[in-house]
Amino acid sequence: MTLSRLDDYFPKNNELVKTKLGEGSGEQLLEEPRKEEASEDQALRNLPPSYFVSATYDGDVNLACIKLYNPDSKQIYRWYDNTGHKPYCLTNLTPEEIKKIPRVADHPGFEDVEVVEKYDALQDRTIKVTKIIARDPLSIGGRPRGCIRDIIPEDYPKIFGSEKDPKVWEAAIKYYQCYIYDRKLLPGMPYRVRDGDLIPVIDKEAEENIKRILETSFKDEPKDLLPYLESWIRLLEYPAADMKRVALDIEVYSPIATRVPDAEEAPYQVICASLVDSEGKKRVLLLRREDKRGESEEVDSPSDVDVIFFDDEKALISEIFRALDKYPFVITFNGDDFDLKYLYHRAQKIGFRRKEIPIDPGRRVYLLRNSIHIDLYKFFYNRSIQVYAFAQKYRNVTLDEVASAILGKSKIEISKPISELSYSELAKYCLNDAEITLELTSYDDDLVMKLLLVLTRISKMPMEDVSRQGVSRWIRSFMQYEHRRKNMLIPNQEDIISVKGKTTTKAIIKGKKYKGAIVVHPVPGVHFNVAVMDFQSLYPSIIKVHNLGYQSVRCPHEECKGNIVPGTNHWICIKQRALESALIGSLRDLRVYWYKPRSKDKSLPEAKRNWYNVIQRALKVILNASYGVFGAETFDLYCPPVAEATAAIGREVITKTIRKAEELGIQVLYGDTDSIFLKNPSSEQIKTLSEWAEKTLGMELDVDKLYRYAVLSSRKKNYLGVFEDGSVDVKGLTGKKRHIPRFIKRYFDELEKRLAKVESPAEFEEAKEDIKKIVQECYYKLKRREWEDINDLAFEVVLGKSPETYTKTTPQHVKAARLLEKRGVEIKAGDLIRFVKVIKDPYVKPVELASDDEIDADKYIAYLQSTFDQILDALGLDFEKIIGLTRLEQFM
DNA sequence: GCGGACTGCTTACCT
DNA sequence: ACAGGTAAGCAGTCCGCG
């Protein structure tokens with residue numbers, strides 16, 4: 001495709017004319033011109049500035065392929081490698097040895113060997129390794145049998161004996177990632193194509209801005225971090241694209257009401273599809289069906305919706321495919337596992353040729369040939385996204401729950417099976433799904449799309465992968481990128497373990513690998529004027545300040561062995577900064593010194609502030625995981641001593657800080673990992689402590705929260721704080737946990753509200769009386785069995801795994817789940833089980849099967865007591881006594 | 001055969 | 001497929017008990 005033909009790709013060609021109800025069909029649409037094949041795409045000679053959004057390997061032409069999104073034409077263009085880059089892996093065998101292994105030398109994919117130098121960070125020296133170049137990536141690795149990376153360790157001993165331990169490096173990196181790394185490409189950033197070459201676009205304004213930021217806000221940084229800071233800032237300050245997109249949702253026929261047809265078999269017709277785009281265009285495609293013959297085709301829909309009937313399923317699917325080709329970004333909710341999967345297999349089944357289907361099937365993903373498919377289910381499923389980007393607003397990852405939590409909108413409830421809906425009901429239902437799917441990407445000024453773009457840039461991964469993979473893959477990717485950039489050998493996991501060993505400290509929790517953070521025993525009671533101070537990103541700070549990384553922990557130098565991490569026998573390198581320390585440290589400083597403050601800076605224009613907020617949140621997600629990955633076996637640069645050293649230094653930091661605070665005469669009420677609760681400190685004391693931390697620990701200790709007063713129970717990770725403005729901060733208390741019955745939770749909320757009103761110690765006495773009344777009332781209601789709705793008594797517990805896999809014990813929610821199964825309800829891992837406690841064996845029942853008179857009220861009273869005790873003991877109140885009064889009152 | 005002390009399993013939470 | 005630490009409830013087991 002060339003620039004001169006850009007115009008041909010604008011929608012006007014493919015635009016559908018709204019078909020009048022009851023007439024015409026989609027048939028003739030099949031005859032319309034299709035987008036041309038990949039071979040013509042290769043002619044891409046020139047392209048104005050466009051965003052690098054994805055990279056793949058195209059097996060048909062054996063080349064790396066970059067997908068570029070042009071924000072003016074709003075189209076995706078494919079650019080193919082023209083540099084002759086080839087797939088490869090590295091080995092410690094010599095070229096001569098390689099040539100003597102017939103299965104490698106005669107491998108159809110084998111191309112060449114050459115000797116290259118790499119820096120081996122584990123040994124701190126440059127080594128010579130052999131680069132095995134292949135004709136295609138699958139010959140290196142990826143096929144189940146006969147890959148070069150597997151043959152080498154298999155055949156070497158047979159031919160050469162055990163003279164050396166045969167090693168293969170960098171053979172498990174996806175080829176397109178390898179291409180990105182080697183060519184130092186920056187996904188998410190603007191590029192142009194000129195005379196067939198891919199060239200980065202320099203944005204003068206952004207470049208000047210970068211310089212300014214570095215000069216003004218980072219002048220005190222360690223010098224060796226400056227280049228890292230500069231590259232991160234560039235990635236984050238360059239402008240973002242507006243991404244035109246369409247949300248797709250399909251409905252399929254099913255003869256069995258409760259069963260969704262298997263997407264691989266795709267046995268039944270696609271009966272409806274909705275396409276809702278970011279420019280306000282909405283279409284519903286409906287299949288005219290035999291089983292609906294004679295029914296009204298009147299679809300009552302808003303005027304901005306085009307409803308189109310098709311007589312033929314093939315024509316309907318063709319129209320969907322046309323849209324999939326036309327839009328640069330396609331959004332689904334669970335498209336990998338259903339919508340696109342079904343369409344792909346259904347299309348094959350009803351006679352489409354492979355070339356006519358714009359979908360690239362994978363094992364677990366279904367990508368699009370000419371666009372970017374974002375499956376929001378995968379994105380919202382991501383734990384880090386769930387917890388840090390969306391503050392745990394949603395629990396179950398269903399379209400309905402995510403949309404209601406984030407947008408306040410839900411799916412349309414339908415009372416009959418999909419196949420029995422009228423055309424109008426079906427259209428509405430399907431359209432609504434597509435609308436909320438799109439809105440999940442557009443709310444809050446396109447937050448999700450921007451997050452994806454920012455994460456794409458940081459991680460150096462294609463946008464499709466970023467949206468599907470977890471935070472540890474993002475971190476791995478930018479670390480691998482940095483290895484290649486510095487010509488460092490990327491070590492195998494076992495290389496790191498064999499040099500660095502495992503951990504030496506003993507975890508408190510059985511089964512854990514090493515000791516973690518310190519939690520200080522709280523001083524129970526009510527404390528007025530509490531300041532909570534914490535270290536900003538403690539673990540990333542430690543990684544930065546103490547130079548932690550796989551190469552620096554237990555480094556090979558004698559002169560470093562005295563630099564011991566307290567509480568461990570690990571030492572840290574004093575000669576050279578580890579890559580991870582530089583990467584994580586610079587990201588940390590960027591968030592703390594630049595993006596977080598700017599995201600709150602009211603003097604900035606809103607759009608700018610908003611963008612900074614997106615960045616700040618993306619950085620938070622990555623930083624929060626940056627220590628944990630070193631202790632995760634699933635991480636390629638897994639290095640337990642690094643994780644262990646980080647935690648050990650953390651303990652040292654918090655312990656010293658507590659000691660210092662006490663020296664300054666401040667009472668420390670509580671502390672957890674990186675925070676300390678100080679009783680009524682003067683601003684002088686706070687300032688002194690903060691300056692001390694900066695000076696002696698090299699870390700920022702700031703006031704995070706100020707409580708008018710805090711109620712500490714005797715339990716760790718359990719407290720309540722009331723801010724100056726009267727808002728309440730509840731942590732860990734049972735009364736706030738999501739699984740407890742609403743009935744109890746309501747009374748707990750009452751208590752919370754009452755506590756919020758207390759302004760001074762003097763006001764506490766009155767509050768205590770009111771709190772007694774609240775507890776009494778709840779007790780009364782239970783004792784007298786005066787609940788309104790049995791649903792309010794339900795415990796709601798998530799099933800961690802499928803019911804039959806509980807073999808060691810049978811927890812109550814599993815008992816309830818099994819009762820449901822007996823009734824024919826399908827139960828799977830992740831389902832929320834709602835049950836009540838009843839008098840008769842097995843003492844629990846799913847709430848939908850239980851009646852009021854079998855409820856065991858005393859069990860609820862016991863639960864009420866333990867829930868309220870957490871607060872009552874801190875207030876000097878006693879549940880039994882409160883209830884005792886009630887009992888007396890009952891007689892009076 | 002029963003009941004209390006104990007351990008282990010499970011979930012939800014904190015940092 | 002980021003980590004460890006804490007709380008709580010219940011299931012299951014052990015052990016004493018003439």
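Quick note on labels: first sequence line is chain A, next is B, and so on, each numbered from 1. Note that the coordinates shown come from a computational prediction; the quantities given were computed from them, not determined experimentally. Values below: every heavy atom of this structure, side chains too, minus hydrogens, waters and symmetry copies.
The only member of A/R468, A/R363, A/R364 that meets salt bridge (charged side-chain N to carboxylate O under 4.0 Å, His left out) when paired with A/D336 is A/R468.
Seen from the ring of A/Y593, A/R588 counts as a face-on cation partner, given the 6.0 Å and 45° thresholds.
By the side-chain contact (heavy atoms from CB on, under 4.5 Å) test, A/S384 is found to be paired with A/N382, A/Y388, A/V471, A/V621, residues two or more places apart in sequence or in another chain being considered. For A/Y381, the ring-ring contact (aromatic ring centres under 6.0 Å, His included) test picks out A/Y377, with sequence neighbours left out. Applying the ring-ring contact (aromatic ring centres under 6.0 Å, His included) rule to A/Y514 yields no partners; only residues at least two apart in sequence or on another chain are considered. Residues that satisfy the ring-ring contact (aromatic ring centres under 6.0 Å, His included) test with A/F379, not counting sequence neighbours, are absent from this structure. Under the ring-ring contact (aromatic ring centres under 6.0 Å, His included) criterion, A/H483 pairs with A/Y550, sequence neighbours left out.
Residues A/D465 and A/K174 are not paired through a salt bridge, judged by the lack of any N-O separation under 4.0 Å between the basic side chain and the carboxylate. Taking a cutoff of 4.0 Å between a charged side-chain nitrogen and a carboxylate oxygen, A/K716 and A/D672 do not qualify as a salt bridge. Under a 4.0 Å N-O distance rule, the pair A/E652/A/K656 qualifies as a salt bridge. Comment: A/R715 engages A/D873 in a salt bridge, judged by a side-chain N to carboxylate O separation of less than 4.0 angstrom.
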All N/O donor-acceptor pairs, side-chain side in residues 501-510 of chain A, below 3.5 Å, sequence neighbours left out:
from	atom 1	to	atom 2	distance (Å)
A/T503	OG1	A/K513	O	2.7
A/T505	OG1	A/K515	N	3.1
A/T505	OG1	A/E644	OE2	2.6

Just distance, no hydrogens or angles: give the donor-acceptor pairs under 3.5 Å from side chains in residues 830-840 of chain A, sequence neighbours left out.
from	atom 1	to	atom 2	distance (Å)
A/D831	OD1	A/K828	NZ	3.3
A/D831	OD2	A/K828	N	2.8
A/R834	NE	A/E796	OE2	2.9
A/R834	NH2	A/N791	OD1	3.0
A/K837	NZ	A/Q812	OE1	3.3

Could you go through nucleotides 4-8 of chain B and list every protein N or O atom that sits under 3.5 Å from one of its N or O atoms, giving the distance for each pair?
from	atom 1	to	atom 2	distance (Å)
B/dG8	OP1	A/K510	NZ	3.2
B/dG8	OP2	A/K510	NZ	2.8

Shorter than 3.5 Å, N or O on both sides, protein versus nucleotides 11-14 of chain B: list them out with atom names.
from	atom 1	to	atom 2	distance (Å)
B/dT11	OP1	A/G800	N	2.9
B/dT11	OP1	A/Y806	OH	2.4
B/dT11	OP1	A/H813	NE2	3.3
B/dA12	OP1	A/V798	N	3.0
B/dC13	OP1	A/R738	N	2.8
B/dC14	OP1	A/G732	N	2.9
B/dC14	O2	A/K717	NZ	2.9

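Against DNA chain C, the stretch residues 639-656 of chain A makes no heavy-atom approach under 4.0 Å. Applying a 4.0 Å cut-off to non-hydrogen atoms, none of the residues of residues 620-628 of chain A approaches DNA chain B.
Rounding to whole angstrom units, CD1 of residue A/I509 and P of B/dC9 are separated by 14 Å. The distance from atom NZ of A/K815 to atom P of B/dC9 is 16 Å, rounded to the nearest whole Å.
Side chains of A/D856 and A/Y843: a donor-acceptor N/O pair is absent below 3.5 angstrom, by distance only.
Using a 4.0 Å cutoff to heavy atoms of chain A, the contacted part of DNA chain C runs 5' to 3' from C/dA1 to C/dG12.
Across all strands, A/F630 comes closer than 4.0 Å to no nucleic acid atom at all (heavy-atom distances). When heavy atoms are screened at a 4.0 angstrom cut-off, A/F635 is found touching no nucleic acid atom at all. Among the protein residues, A/Q870 comes within range of the sugar-phosphate backbone only, with heavy atoms under 4.0 Å from sugar or phosphate atoms but none that close to a base.
Put simply, the side chain of A/R651 gets close to the backbone of A/G516: a donor and an acceptor are under 3.5 Å apart.
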